[in-house]
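Presented below is the structure to which this report refers.
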Amino acid sequence: MWNRIKKGWGIAWHQPFAVFALFLYNLLWGVVLYKLIQSVVLPLLHRYPGGALPGESVRLFWVEGQFQLMKTDLIVPYLWTGFGLLGLRMLLHPALNAGVFYSLRHGELNAGYRFVAGIRKLYFPFLGLYALQLVLSLGPLYWLAPHAAKQFAIHLSYASLGQALLPALALYAAYLFLLQLLFLFLQIGKADGRSALYTLLFAFRHLPVIALAALAVAALSLVLSAAVMVSSFWWAGFAALVLMQAYRLVQMFFKVWAIGTQYALWAEKA
């Protein structure tokens, strides 16, 4: 397993264009969300009563806000903006995946060319896989949501509620983890020209090794995340800002590394 993880590292190291494309996408997306939230929150903070005003002013502020949310269409433009951004992200995510997986399969081509070629050739199949994965991910909520509502009604404390929901949430998390691995291999198989049936049989046959490799890379990523968070408390100011931005780039490298590790298994066994 460790040999495949090392091979995955080497594969990710030879995909600088894909890593930087993912980094730039996440950076721009973060800036857009920050500006959107800032445009909503800052006007509210300017209108929030200060400490020098009586408590009635604060209660009036919340009553007025509740009235505007419930009785006016003030929130409608923000909802449409949010849904629009969500839809845009759902359209862009398969495109980036298509570029990354095609780049892994065609390492002999120019880095930028193979990334764009992957988007052009695999976008619509990857969009269909993404939509199917989303449906299968949300499907269990049809049973989980009523179960959570029932437990919320009969438990008096958040601690007991958490204990009651823990088994169901753990099963749901395991389901999402396995579903993500299966669809990762479906994308690898699609980029390699294999059928979905062949890819699923391959994934089920090697599922223990696949899961262990994914957990190992995830654990290494978690250790790095913890180290960066601790360092940010020690290095405040500009140094912490530079460290966090560098960490975002490393995060994208780890994402490609995780994919490359599974691709190394595919290249060896398929």
Side-chain angles (χ1 to χ4, degrees), residues 29-30 33-34 36-38 40-41 43-45 47-49 51 54-90 93 129-186 200 203-204 207-208 210-223 225-226 228-230 233 251 255 258:
W29 191 260
L33 289 181
Y34 172 77
L36 177 63
I37 294 173
Q38 185 185 46
V40 176
V41 173
L44 292 176
L45 292 178
R47 295 184 62 245
Y48 189 78
E56 287 77 7
S57 300
V58 177
R59 287 193 292 270
L60 181 62
F61 172 82
W62 289 112
V63 170
E64 178 188 359
Q66 183 181 8
F67 175 80
Q68 290 182 340
L69 288 176
M70 302 298 294
K71 301 298 183 180
T72 70
D73 58 353
L74 177 68
I75 198 173
V76 172
Y78 299 109
L79 288 177
W80 279 113
T81 302
F83 286 132
L85 289 175
L86 180 61
L88 179 62
R89 186 175 179 86
M90 293 173 65
H93 188 78
L129 288 174
Y130 181 74
L132 179 60
Q133 182 181 2
L134 185 63
V135 170
L136 293 177
S137 299
L138 297 178
L141 295 179
Y142 179 80
W143 296 276
L144 186 58
H147 174 69
K150 180 180 179 181
Q151 296 299 321
F152 182 80
I154 63 178
H155 288 277
L156 300 178
S157 67
Y158 288 111
S160 61
L161 176 63
Q163 290 178 355
L165 292 178
L166 185 59
L169 292 177
L171 286 174
Y172 184 54
Y175 168 77
L176 292 179
F177 174 71
L178 295 176
L179 189 68
Q180 183 181 10
L181 290 179
L182 289 177
F183 273 88
L184 187 150
F185 271 89
L186 283 172
L200 287 174
F204 282 118
L207 189 57
I210 291 170
L212 284 176
L215 289 173
V217 177
L220 292 173
S221 178
L222 184 61
V223 170
S225 301
V228 170
M229 293 302 295
V230 172
F233 286 110
Q251 267 190 320
K255 182 175 182 179

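In this chain, numbering begins with 1 at the start of the sequence shown.
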[atom2] on [Y] to [atom1] on [X], rounded to 0.5 Å:
X    : Y    : atom1 : atom2 : result
L179 : L132 : CG    : CG    : 8.0 Å
L182 : L200 : CG    : CG    : 6.5 Å
L178 : F204 : CG    : CZ    : 8.5 Å
L207 : F185 : CG    : CZ    : 9.0 Å
Q151 : H147 : CD    : NE2   : 4.5 Å
L166 : L171 : CG    : CG    : 9.5 Å

Audit row: L88, W29, side-chain contact (heavy atoms from CB on, under 4.5 Å) steps and yes/no: CA-CA 11 Å; L88 179 62; W29 191 260; 4.2 Å; yes
Where is the tightest heavy-atom contact between Q180 and Q133, given as atom of each residue plus distance?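 Scanning both residues, the minimum pair turns out to be CA-NE2, 3.8 Å.
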Shortest non-hydrogen contact from L181 to A214?
->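 Here L181 and A214 meet closest at CD2-CB, 3.7 Å.
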- Item | Residue pair L144, L165: steps toward the side-chain contact (heavy atoms from CB on, under 4.5 Å) verdict | CA-CA 9 Å; L144 186 58; L165 292 178; 5.6 Å; no
Does OH belonging to Y175 count more than 12 external heavy atoms closer than 6.0 Å?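 It does: Y175 OH has more than 12 such atoms within range.
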Practice task
Return yes if some donor-acceptor pair links the side-chain N/O of Y172 with the main-chain N/O of S137 below 3.5 Å, else return no.
Solution key: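 Between the backbone of S137 and the side chain of Y172 there is a qualifying donor-acceptor contact (under 3.5 Å).
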